[in-house]
Amino acid sequence: MAFVDFRNVWLAYNDELLAKGQFAVEDISLQVEQGEFIAIVGRSGCGKSTLLRLIAGLLEPGGGRLQTPLKPALVFQNPDHQLLLPSCGSDVELSLPPQLSRSERLQAVEQALEQVGLAGFRQRPIHSLSGGQKQRLAIAGAL
């Protein structure tokens, strides 16, 4: 099974636009295999961000079929738009499955922080990080 599988996916932001035939994305079919890298390019307003929001599950398609075996995550261009909690560890922990035990949660947080070069930053306040460190923290949350 493909990592991302779109079949004839479309989205109109409201019924009025749908009635006018104005779609945010229209009849998208796409398969991305695990480990494959792709680039999505196009002019401003052509639906690139909408497509990524559909993949991440932030938007529901109006029709068609969309399948992803894992829960994808987005990392915004500006990390300040997605870092919500006061400490690095609490922000990474926010994205973890709720069924994990406390020790599993701590281990997952430490592992994600280590993967992005922020080992030992679990208690560090987010406001004290540099811009690059905030970007790495946002990636750790996605991991």
Side-chain angles (χ1 to χ4, degrees), residues 1-18 22-143:
M1 173 187 221
F3 183 71
V4 173
D5 189 10
F6 273 58
R7 298 289 176 197
N8 307 103
V9 171
W10 62 270
L11 173 74
Y13 281 114
N14 59 49
D15 291 338
E16 184 179 323
L17 292 174
L18 180 60
Q22 295 176 340
F23 297 90
V25 293
E26 183 177 9
D27 197 29
I28 301 288
S29 292
L30 169 72
Q31 281 190 309
V32 180
E33 300 298 329
Q34 187 166 351
E36 185 176 20
F37 288 89
I38 65 165
I40 300 171
V41 296
R43 61 179 166 67
S44 179
C46 74
K48 301 179 300 290
S49 294
T50 299
L51 181 66
L52 293 173
R53 286 183 177 100
L54 284 163
I55 292 170
L58 299 175
L59 294 173
E60 290 289 323
R65 185 187 76 190
L66 174 111
Q67 291 181 309
T68 57
L70 301 174
K71 182 182 179 252
L74 288 178
V75 176
F76 299 142
Q77 184 173 353
N78 183 344
D80 288 325
H81 293 163
Q82 79 184 83
L83 300 175
L84 305 171
L85 297 176
S87 72
C88 294
S90 61
D91 204 86
V92 172
E93 191 172 348
L94 184 64
S95 63
L96 294 175
Q99 69 270 17
L100 294 179
S101 71
R102 183 71 186 143
S103 64
E104 290 172 322
R105 296 177 81 71
L106 286 173
Q107 183 179 4
V109 167
E110 292 293 346
Q111 182 180 4
L113 290 172
E114 186 175 327
Q115 284 181 291
V116 297
L118 296 177
F121 276 51
R122 188 172 62 80
Q123 297 293 335
R124 181 109 178 244
I126 290 175
H127 69 81
S128 71
L129 301 179
S130 71
Q133 289 170 327
K134 287 179 181 179
Q135 289 174 329
R136 288 188 275 154
L137 180 60
I139 293 168
L143 292 173

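Just so it is clear, the model here is predicted, and its values are computed rather than measured.
- For Arg105, the CZ atom counts as densely surrounded, since its 6.0 Å shell holds more than 12 non-hydrogen atoms of other residues, nucleotides or ligands.
- Shown here for Arg124 and Ser128, the closest heavy-atom pair between the two residues is NE-OG, 3.1 Å.
- In this structure, the separation between CZ on Phe76 and NE2 on His81 is 9.0 Å, given to the nearest 0.5 Å.
- The backbone N or O of Asn8 lies less than 3.5 Å from a partner atom in the side chain of Ser29, making a donor-acceptor pair.
- Under the 4.5 Å side-chain criterion, counting only non-hydrogen atoms from C-beta, Leu106 is in contact with Arg122.
- If you take CD on Glu33 and CG on Asp5, they are separated by 8.5 Å, rounding to the nearest 0.5 Å.
- Within 6.0 Å of the CD atom in Gln77, the count of heavy atoms belonging to other residues, nucleotides or ligands does not exceed 12.
- A 6.0 Å sphere centred on CD of Glu114 holds no more than 12 heavy atoms belonging to other residues, nucleotides or ligands.
- Contact check for Tyr13 versus Leu59: side-chain heavy atoms found under the 4.5 Å cut-off.
- Remark: of the listed residues Leu74, Thr50, Val4, Val9, Val4 is the sole one forming a side chain to side chain contact (heavy atoms under 4.5 Å, CB included) with Ile55.
- Considering CG of Leu51 and CZ of Arg53, their distance stands at 11.0 Å, rounded to 0.5 Å.
- Heavy atoms only, all atoms of each residue included: Glu36 and Gln31 are closest at OE1-O, 4.1 Å.
- For the atom pair Ile28 CD1 and Leu54 CG, the distance stands at 9.0 Å (nearest 0.5 Å).
- Nearest heavy-atom pair, Val75 versus Ala142, reported as atom, atom and distance to 0.1 Å: CG2-CB, 3.8 Å.
- Other residues, nucleotides and ligands contribute at most 12 non-hydrogen atoms within 6.0 Å of the CD atom of Gln107.
- Residues Phe6 and Leu66 are in side-chain contact: their nearest non-hydrogen atoms beyond the backbone lie under 4.5 Å apart.
- For the pair Leu118 and Cys88, the minimum side-chain heavy-atom distance is 4.5 Å or more.
- Tested against Pro79 for a side chain to side chain contact (heavy atoms under 4.5 Å, CB included), the candidates Gln133, Arg136, Gln135 yield a single pass: Gln135.
- A heavy-atom distance below 4.5 Å is found between the side chains of Val92 and Leu137.
- If you take CZ on Phe3 and OG1 on Thr68, they are separated by 7.0 Å, rounding to the nearest 0.5 Å.
- One distance of note links CD1 of Ile40 with CG of Leu52; it measures 4.5 Å at 0.5 Å rounding.
- Side chain of Asp91 to main chain of Leu84: a donor-acceptor pair is present (N/O by atom type, distance under 3.5 Å, no hydrogens or angles).
- Side-chain atoms of Lys134 never come within 3.5 Å of backbone atoms of His127 as a donor-acceptor pair (strictly under, hydrogens ignored).
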